[in-house]
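Have a look at the structure below before the remarks.
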Amino acid sequence: MGVVGINMRNARYLLPNNPRRLYDLVDNKLRTKQLAVDHDMAVPETYGVVRSPHDTALLDRLLGDRDSFVIKPARGSGGKGVLVIVAREGPFFLKPSGVKLTLDEIRHHCSNILAGLFSLGGRRDVALIEYRVHPARVLTEISFQGAPDIRVVMLHGYPVMAMLRAATRESDGRANLHQGAIGIGIDLATGRTIRAVHHGHPIQLHPDLKVPVVGVQLPHWDAILDIAVTCHEMTGLGYLGVDVMIDEALGPLMIEVNARPGLAIQLANGVGLLRRLEPAMERWKSHPHDSHQQKLEFSRKTFGVK
Amino acid sequence: MASRIKLFLVVFILTAIGGGIAAYKHARLGLPLRAGELPEQWLVEAKITFIAPPEGGKVSARLSLPAAAVEEGLGQEAGSVGYNYYVEKDQGEYTAIWASEKQADNQAIYYRVSFPGRRTSGGEPMPHAGGGLPAAVNPGFSGSLQDAAKRVIQRAKSVSADPDSLFVGIFGEIAAIDASQEVGLLRARYEDESGRGALTILGIDLLNMAGVPARVAYGVRLEEARGGQQPTRLVEYYDGAYWKVRDPDEPSATLDPEKMFVWNRGGGSLFEVTGGEASQVVFTVIRGFIPLEDLTDLRDSPLLISTIFGLPASEQAVFRYVVLIPLGAFVVVVLRNLVGIATLGTFMPVLLALALLEIPLDSGLIMFTVIIAAGLWFRFLLSRLNMLVVPRVAACVVIVTLLMMLLSVVSYKLGMRDGLQITLFPMIILAWTIERMSLIWEEEGKRSALMQVGGSLLVAVIAYLFMSVKQIQYWAFYFPELLLVLLSLIILIGRYTGYRLSELFRFRDFKEA
C-alpha cells in the first residue's frame, strides 16, 4: 500500500535526515519565528513573551487592550497548551467556544506553560503571546469554529504531500484527526482539495456544516509552497512538516515547523507516503543541487493530480 | 547497506558471545538449561560484621555451626580474605574460628550452608551430651518477682503433666495478649533488661525455676526476604530424656523443617568477636537450584560473568531482581514498537511489574486502581486551587502516601495481610502517573486517559507474567550472559521499520484514491 508506519518514519526518514542538533530550531517556536523573520517570511506578530513568573504578574500590561490573541508554549507540541482568546467581555476573556476566563486564569495558564507542563520532556518553557489569525473566508466556511491549518510535508525540500485540517463540532475547535477533526487532502500542483476523511472514512460534505469540502480552491497556493520550501532551507531539516494558516488580510502565515510530522496525512490524501517519499529521495540523490524553484517544479509535476 | 551489515555483525557477535558462554556453562560445567531439573536448594549465609581497631590488631571471631551441616556433610563454605580459619569440635558442638593479626576497620566474614529441602530441621530430640543429667539453673528471682514467678509456674503446672505441656503452658501464659498481673510485672522487668526476645528469656528462666532445664537455641527462618534477617531465638529444653527445640511463638508445634533451620543449639553463644567492636550477625536465605559444591566450580571457572556467584548471598539476592529489569524493558519494547500499545511514561510499567512481583497480582491491581482513582479525584480538587506544577505533584505525593497508609490500615483491619505490602509501589511514579493522567484527561478527554492507563496496566501485567516465569528467572540469574542475546534482539527491534500491530488496525480502511 505504501503506507508508512511510525517505525518506518522514525528509522528511515527522521533519524537519518534530521540531525539531533537541528531539532531545537523547530522545537523552540521563538527561534523558529526569529529564523523566519530573518528570511522575510510572514509569521503572526509576537505581542510579548512571558519568560518568568514575574512577567505573569505584568500580563495585563503585555496584553494591552488587545481583544484577541493566542498564548502558546514555545516548546509545545501537537497543539498542547494553546489558548485562543477571540474577544473580551468586561473583565472576561472569551475562548472560541464561548467559555469565559478571568485574567487570573490566564495567568495560571502562563505559569503552567513556564513550569514545562506542555513542553517535550517537561523542560522549563516560555509563553508566547501572538496575533490571532483571522482565517480566510474560504476556510472558515468549511470549518466548525477553530482555524483550519495547512500542513505540507517535505523531504529534502521537495513537498511530498499536503493536507488541510478543519475542526468539527466533535473535535471542539481542535485540528487533531483522532479527536474527530477532518483531514482534507490537497493537490500539490493546484492547491485544490481532492479528498476528505472523517474518522478514517471518505466524506464529501462537512459533517456539521453540510458544505462540500472537496474541490475547494485554496488561495495563495504558490506562496504557501514557497513558505514550506523556505522552511526547509532555513532549518536544514531533511524531513519536516510545515504548518501554515491563511489570514483574511495578511495572506499565508507560517505557524510552526514540525520535525516529527504525523502519518494521518496519508489517510487524508488516500496515498501512502512511501509513493511520494521514494521518488523525492531518488530525485534528491540524482540532483543534489536543485534550486528552490526546481524543487517546486519537480514536486508539482510529479505529485500533482493529473 | 553497509550499516545493515554492521547491524547484523553486531547482532551476530552479541548472540555468539552470549549463547557461547551459556553453551559452555551447560556443556562443560554441567549447569542444566531447564529450571527444575535439580531439586531446590536452600542457601543460608551467616554474615558477621564488626569493626577492627583502625591501627590493626589481633582479632578473632567464633561462629557456632549447625551440627547437622557438619555431620550430614551438607555443602558448606567459609569466606573471608586474610583470616586463618578452622573448625573446632567440642562435645558434639562445632564452632568455626577465624583469626587474624592484621585486620583493620570494617570487616565481614561469611559462612554458607546449602542443602536441598530437608525432612529434619536440626531441632530433633537429642540426648544430653557429656554424660550425666542436666541440671536446671535457678534464675534467682527475689522479692515480688519471685512471688509472681512462683504463681505463674503453679498455674502452668496445675494444667500440665510433663515438661512438654509445661512448656506449652508457660509460653501460652506469658505470650497471652491479656496477660495476668504477675506476667505483666515479669515482662516489664525482662523487657528492660533484654529488650527484643525478652519473652523467650523469661520463659526459659521460668522453665528452669520449675525444674526443667532450658536454654536458648538459634534458628534461621527459611524465607527469602530482601535485606537479610536476624537469627530467631528458639528454646531448647530437657524433657527428662532428650533435649528438644521448639519455637516459643508456636509452643504447641514441633519445628517445621520447611520453615525453620536450627543453626545453633547446646546453649553456647551464637557468635563471639574478640578484638573488634560493634559486631553483629545477619542471616540471608536464598532459594536456588544449584548445590554449593557446584557453585564453587562455577565460581572458579575463568568466565568473568560467572562471578555473580562469588558475591555474598545478600548481594546475590538483590541481583535476582536486578536481572529481571532488562526483561521488563524488553517486554515494553515489544509491546510499544511491535504491538503499538500506548503507555503513560516509557518504563513506568516495568516499575509497576517489579512491585507486582512481590504482591499477589489481584490485590496489587486493586490497590493500584484504588490509589490512582482516589489520587485523580484529589488531583481534580487540587486543580481548583490553581497551583504551580511542582508543588502540585508534591501534593500528589503526600496524598498518595496518606492513601497508602489508609489502605494498609483498612486491609489489615479486614484481615488481609497483602495490604501491608503496598509500600512496594513506587510512590513518586504513582504521583506522576496521576498528574499526567489528569492532564491527558483535560486535554484529550477521559477516553484517551483511560486508554493510556489501561495500556500501562496491560503492559505491566504482561511484563509481570513474563518476569515471573520460573524458567525465565532461572535463565536470567544463572545465565546472565543470555542478556547479550536479549540485547541483540532489542537492537533488531530497534531497526524494525515495518508496521505496528495497532497500525494495521489504524490503516485498515485505507484504500488508495
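All heavy atoms count here, side chains included; hydrogens, waters and symmetry mates do not. Per chain, numbering begins at 1; letters A, B, ... match sequence-line order.
Atom CE of A:M281 is surrounded by more than 12 heavy atoms from other residues, nucleotides or ligands within 6.0 Å. In A:Q204, the CD atom is not crowded: 12 or fewer heavy atoms of neighbouring residues, nucleotides or ligands sit closer than 6.0 Å. Within 6.0 Å of CZ in B:F380 there are more than 12 heavy atoms belonging to other residues, nucleotides or ligands.
Scanning for side chain to side chain contact (heavy atoms under 4.5 Å, CB included) contacts around A:L263 gives A:V4, A:I6, A:R9, A:Q266, A:L273, B:E503, B:R506, B:F507, with sequence neighbours left out.
For B:R447, no part sits under 4.5 Å from any heavy atom of chain A, backbone or side chain. Only the side chain of A:H201 comes within less than 4.5 Å of a heavy atom of chain B; its backbone N, CA, C and O stay farther away.
Remark: the backbone N or O of A:N7 is not paired with any side-chain donor or acceptor of B:N337 at under 3.5 angstrom.
The two residues A:M8 and B:T497 come nearest to each other via the heavy atoms CB-O, 3.0 Å.
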Item to check | Residue pair A:K80, B:I440: steps toward the side chain to side chain contact (heavy atoms under 4.5 Å, CB included) verdict | outcome: CA-CA 10 Å; A:K80 284 204 184 87; B:I440 296 172; over 6 Å; no
